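Contents: one structure, followed by commentary.
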Amino acid sequence: MPDTVVAPPQEEAPGVLRTISAVNDTPQPPESTEPTASISDELPEQMRVRKEKRERMLAAGIEPYPVELPRTHSLAQVRAAHSGLAADTKTGEKVAVTGRVMFIRNTGKLCFATLREGDGSELQAMLSLDAVGADALSAWKSDVDLGDHVFVSGEVITSRRGELSVFADEWAMAAKALRPLPVAHKELAEETRIRQRYVDLILRPRAGETVRKRAEVVRALRDSFHRRGFLEVETPMLQTLHGGAAARPFVTRSNAFDMDLYLRIAPELFLKRCVVGGLDKVFEINRNFRNEGSDSSHSPEFAMLEFYEAWATYDTNAVMIREVIQEAAQAVTGSHVVTLADGSEYDLSGDWTTLRMYESLSGALGEEVTWETPAEALREHVDRLDLKLDPAYGHGKLVEELWEHLVGDHLVAPTFVRDFPLETSPLTRQHRSEPGVAEKWDLYVRGFELGTGYSELVDPVIERERLEAQSRLGKSGDDEAMQLDEDFLRALEYGMPPSGGVGMGIDRLLMALTGLGIRETILFPLTRPE
RNA sequence: GGGCCGUUAGCUCAAUUGGUAGAGCUGCGGACUUUUAAUCCGUAGGUUCUGGGUUCGAGCCCCAGGCGGCCCA
C-alpha cells in the first residue's frame with residue numbers, strides 16, 4: 001500500500017464526490033490496469049464496455065473501487081425511519097447511503113435508480129440536473145450500469161408517486177461491476193443459481209432468507225441444548241478408521257503420518273467416548289461426508305446434529321428431539337405450524353405419532369410379521385409386491401425395505417417409527433423384552449427420514465461381536481460396513497453408562513421447516529466443474 | 001450403474017419437413033425533470049456444449065464425449 005497521509009475531504013465541483021479519489025490518493029493506477037487497447041476483443045460486448053468505463057474513470061482520477069465511503073445509514077434504516085410518508089414530502093434529513101443498482105430509469109434531466117442492499121431492502125435514488133449539476137449527472141449516465149454499487153448522499157424525500165427516495169446532492173461509484181447482471185425479471189436457471197450462488201443472492205432475496213433461516217435454526221438448536229445443560233464438543237473429522245454409520249467414506253491422505261485417513265461419516269464413536277469419560281450430556285453440530293450419490297435429498301457433505309445423554313433412553317430422547325425441533329420451528333417461523341415454500345402448512349405441534357415397525361408392517365401386509373419371521377417368508381412378500389431387491393438381503397434388510405415401501409413412503413405427518421430389526425442396527429441395544437428387535441427409532445417428517453435415535457449398546461462384549469461381524473462383512477466386499485475400532489471398544493470396556501443417542505440432519509431439518517430441496521438449503525452444494 | 005429429457009446472444013427462451021439462426025430484457029447511440037421491469041426512435045450482439053459422420057446443405061439426422069435435470073436400481 002502507498003504510505004500516504006489521508007487527506008481531508010476537498011471541496012470541488014458540486015455533485016461529483018472527488019473526495020473519494022483524494023482520500024485514496026493512489027498515485028498511479030494499479031499495476032494490473034491494462035491500456036484500453038489491450039481489452040480483449042474476445043470479451044462479450046457488455047463486459048468490454050464496463051471494463052472500458054472502469055479505465056475511463058481511472059484515467060479521469062475517479063476511483064471505481066474506493067476504499068471507504070462516508071455512509072451514514074443502511075437502506076433499511078432509512079426505510080424504518082421514514083415509513084408512511086405522503087407523496088412529494090421533503091423531510092429535511094440528509095443521509096448518505098450505498099446500494100447495488102438494480103433498476104435504472106433515466107428521464108433526461110432526472111434519473112432514478114433502485115438501490116438494493118444485502119438484506120434485500122431497497123431504496124430509490126433520484127439525481128436531478130438542478131441538484132447535482134451537469135457534470136455529475138452526465139457522469140452518472142455514462143458510468144453507472146446495472147449491478148454497480150453506488151454511493152448517494154442527499155435529502156430523504158418521497159417522489160410524486162410516493163416512493164421513498166434519497167434526492168442526491170452528490171454521488172460516487174462504490175464498486176464497478178464488470179459483469180452484467182442477469183435479467184432480474186426472469187428466474188435464473190437452477191444450475192446457475194447453484195453454481196453462482198452469489199448471483200442468486202443478488203437477484204433473489206429469498207435466497208438470502210434461506211441462508212438466514214438456516215443460521216437461525218442452528219442457533220436455536222444450540223440454545224436448546226445449552227438450556228438443557230448439554231456441552232458442545234467437536235470431534236475428529238479426519239479419522240483413521242471409519243465407523244458410526246453404514247456408509248462409504250471418502251479417503252484422503254496425510255503426508256506427515258504417511259497414511260490414509262477417512263473423512264468422517266459420523267461422529268458417533270467419539271461422542272460415546274465422551275460419555276465414557278463422564279461428559280454425560282454432549283452434542284455436536286458439524287459436517288459428515290459420505291461418498292455416495294447426490295439427489296434431491298442427499299448431499300455428499302451434509303451437516304449433522306448428534307447428541308448423547310447418559311441415563312437417557314430412546315423413549316426420553318424422542319421426546320427431547322421433538323421439543324428441540326419444535327423450538328427450532330418456533331424460532332424461525334414463530335409457530336409450531338410452519339409454512340412451506342409452496343405456501344402449504346405443515347403441523348409440527350403437539351405429540352407426534354409413534355408406530356412400531358413390525359406392527360405397522362404386519363398391518364400393511366395383512367399378515368403378522370415378527371422378528372422371528374424367517375427371511376424366506378419375507379421374500380415371498382417381496383416377490384408378490386414385485387419389488388426388486390438384492391437376493392442376498394437377510395431378515396433385517398427385507399423388513400426395512402418392505403416397511404419403507406408399504407408404510408414409510410406414505411407417511412406425511414411427523415412420525416416416530418420404532419423397534420427395528422436388531423440385525424441391521426449394529427450399535428443399538430437389544431430391545432429389553434424382544435430379543436430380535438433393537439431399541440431404535442427413525443423420525444419421518446414430510447415423508448423423509450429426518451433423524452434416528454437409540455438406546456445405545458454399551459455392553460463391550462456384545463459390541464465387539466457386532467463390530468467383528470461388520471468387519472467380516474467389510475472384508476467380504478461390503479464397502480459400507482464399519483471397521484473394527486479397537487480404541488472405541490477399549491473405551492467401552494472402561495464402562496459406558498446406559499445412554500440414549502440421536503442423530504439428525506441439519507439440511508433435512510431445514511427442508512422440513514421450509515419445504516425447500518436440499519440444494520437450496522446448502523449454500524454451496526458440490527457441483528462438477530464447468 | 002440403466003433409461004429418458006435438456007444444452008442456441010450477457011439472461012430467459014423461439015426456430016415448421018434438413019434450406020439465410022430470431023424475440024423480450026440487457027448493451028450501444030439519441031430524446032425526455034417524477035420514473036417503478038419507465039417510455040419512444042435507432043442499432044449492435046452467435047464456435048447453436050465439444051469432436052467426428054451423413055448430406056448439395058445440419059441448431060435439427062447418426063456416432064462418441066462433456067455438463068445438467070428427472071425417473072429407476
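Order of the sequence lines sets the chain letters (A, B, ...), proteins ahead of strands, with each chain counted from 1. Keep in mind the model is a prediction, meaning the values are calculated, not measured.
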If the test is salt bridge (charged side-chain N to carboxylate O under 4.0 Å, His left out), which one of A/Lys51, A/Arg100, A/Lys176 qualifies with A/Asp145? A/Lys176

Can you check whether A/His242's main-chain N or O pairs, donor with acceptor, with A/Gln483's side chain at less than 3.5 Å? yes

Salt-bridge present (A/Asp143, A/Arg56; N to O < 4.0 Å): yes

Ignoring backbone atoms, test whether A/Arg161 places a side-chain nitrogen or oxygen under 4.0 Å from the OP1 or OP2 oxygen of B/rU34. no

Inter-nucleotide C1' distance (B/rU47, B/rG42), Å rounded: 29 Å

How is A/Thr114 classified with respect to the nucleic acid when contacts are heavy atoms under 4.0 Å: base, sugar-phosphate, or nothing? nothing

Take atom P in B/rA9 and the same atom in B/rG45, then report the distance between them in whole Å. 15 Å

Using the P atom as the reference point in each nucleotide, state the distance between B/rC41 and B/rC60 in Å, no decimals. 36 Å

Mind checking A/Glu191 for me? I need base, sugar-phosphate or nothing, with any heavy atom below 4.0 Å counting as a touch. sugar-phosphate

Nearest whole Å is fine: how far is B/rA38 C1' from A/Glu163 CD? 13 Å

Expressed as a whole number of Å, how far does the P atom of B/rU12 sit from that of B/rU54? 35 Å

Salt bridge between A/Glu520 and A/Arg204, side-chain N to carboxylate O under 4.0 Å? yes

Check: residues 369-376 of chain A side-chain donor-acceptor pairs under 3.5 Å, at least two apart:
from, atom 1, to, atom 2, distance (Å)
A/Thr370, OG1, A/Glu372, N, 3.0
A/Thr373, OG1, A/Thr370, N, 2.8
A/Thr373, OG1, A/Thr370, O, 3.1

Side-chain donor-acceptor pair present, A/Ser128, A/Asp130, cut-off under 3.5 Å: no

Return no unless some side-chain N or O of A/Arg105 is found under 4.0 Å from OP1 or OP2 of B/rU33. no

Does B/rC13 have a Watson-Crick or wobble partner in any strand here, with both distances under 3.5 angstrom, and which is it? B/rG22

Please tell me if A/Arg48 has a side-chain N or O lying less than 4.0 Å from either OP1 or OP2 of B/rG45. no

Considering every strand shown, what is the Watson-Crick or G-U wobble mate of B/rC28 when both distances are under 3.5 Å? B/rG42

Could you tell me which nucleotide pairs with B/rC61 by Watson-Crick or G-U wobble geometry, both distances under 3.5 Å, or answer none if nothing does? B/rG53

Looking at every strand, decide which applies to A/Arg528 at a 4.0 Å heavy-atom threshold: base, sugar-phosphate, or nothing. sugar-phosphate

For atom P, what is the distance between B/rC28 and B/rA14, given to the nearest Å? 28 Å

Whole-angstrom distance between B/rU55 and B/rU17, as gauged at atom C1': 15 Å

Rounded C1' spacing from B/rG10 to B/rU26 in Å: 7 Å

Given protein heavy atoms under 4.0 Å, the one-letter contact record of nucleotides 21-27 of chain B, with B base, S sugar-phosphate only and - none, is simply ----BBS

Tell me if a side-chain donor or acceptor on A/Ser471 pairs with a main-chain N or O of A/Leu467 at a distance below 3.5 Å. no

Taking any strand in view, what nucleotide pairs with B/rG68 in a Watson-Crick or G-U wobble way, both distances under 3.5 Å? B/rC5

With distance as the sole criterion, do the side chain of A/Thr107 and the base of B/rU35 form a donor-acceptor contact below 3.5 Å? no

If you measure from the C1' atom in B/rG27 to the same atom in B/rC63, how many Å do you get, rounded? 40 Å

Classify A/Glu187 by what it touches in the nucleic acid, base, sugar-phosphate, or nothing, heavy-atom distance under 4.0 Å. sugar-phosphate

Measuring from the side chain of A/Thr192 (C-beta onward, heavy atoms only), which nucleotide among B/rA38, B/rU33, B/rU12 has the closest atom? B/rU12

